[in-house]
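Reviewing the structure listed below.
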Amino acid sequence: MNFHQQQRESRHLWVGNLPDHFDEDDIRAYFEKKFGEVEKVKLLPKKTGQGGGVAAFVDFVDIRSAQKAHNCPIVIQNREIRMNYNDPKQGRQQPAAPVHQSYPRDYPVNEYDDVPRGKDRHPKR
């Protein structure tokens, strides 16, 4: 199961990689025309030096509209729009992939660790 499948479906979406000139009205108009009535749009501040376009929270009136949007591949002005369900009770933060990854015990974990770890594989220093 990947991260996107772990998100609980809701009527709230995080939407990213929107064109830089899009504002809340543009986002609302686009999503209402294609998927259904939007209750609220909140544009997120862009971090300095961050690429990837504009991001926003889009809250639909009903969950079916959000599901339609989430399940539909969207390209606007040659940008593939990224989307995920959002839980506003969790502080309205953008869903992010896990920060760390688990590695097997005998797998080198960085460029300085060229010796596989494990019971008999770690050299004595």
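Every value quoted in this text rests on a predicted model; they were computed, and no experiment measured them.
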| query | Quick one: does Val15's side chain get under 4.5 Å of Ile81's, heavy atoms only? | reply | yes
| request: Output every pair passing salt bridge (Lys or Arg N to Asp or Glu O under 4.0 Å) with a member in residues 68-80, not counting sequence neighbours, ordered by first then second residue. | output: Asp20-Arg79
| Side chain proximity check, Val58 to Ile27, heavy atoms < 4.5 angstrom | yes
| field | Pair His70 + Tyr85: ring centers closer than 6.0 Å | value | yes
| query | In Å and rounded to the nearest 0.5 Å, what is the CG to CZ distance from Asn86 to Arg8? | reply | 11.0 Å
| request: Could you state whether Ile63 and Trp14 fall into the same hydrophobic cluster, counting links through intermediate Ile, Leu, Val, Met, Phe, Trp or Tyr residues with side-chain heavy atoms under 4.5 angstrom apart? | output: no
| query | For the side chain of Arg11 and the backbone of Asp62, is there at least one donor-acceptor N/O pair under 3.5 Å apart? | reply | no
| message | With a 4.5 Å cut-off on side-chain heavy atoms, are Phe60 and Leu13 touching? | response | yes
| note | When rounded to the nearest 0.5 Å, the distance separating CG of Asp26 from CD of Glu24 is 10.5 Å
| query | Out of curiosity, Asn17 CG to Ile74 CD1, how far, rounded to the nearest 0.5 Å? | reply | 11.5 Å
| request: Could you pull out the closest heavy-atom pair between Pro19 and Ile76, with the gap in Å? | output: CG-CG2, 3.7 Å
| query | Got a second to check how far Ser65's OG is from Asp59's CG, nearest 0.5 Å? | reply | 12.0 Å
| message | Could you check whether His21 and Gln77, counting side-chain N and O atoms only, form a donor-acceptor pair closer than 3.5 Å? | response | yes
Atom pairs and distances, side-chain donor-acceptor, residues 28-38, under 3.5 Å, sequence neighbours left out:
from  : atom 1 : to    : atom 2 : distance (Å)
Arg28 : NH1    : Val38 : O      : 2.7
Glu32 : OE2    : Val38 : N      : 2.9

| Nearest heavy atoms of Ala66 and Ser10, plus distance in Å | CB-O, 3.3 Å
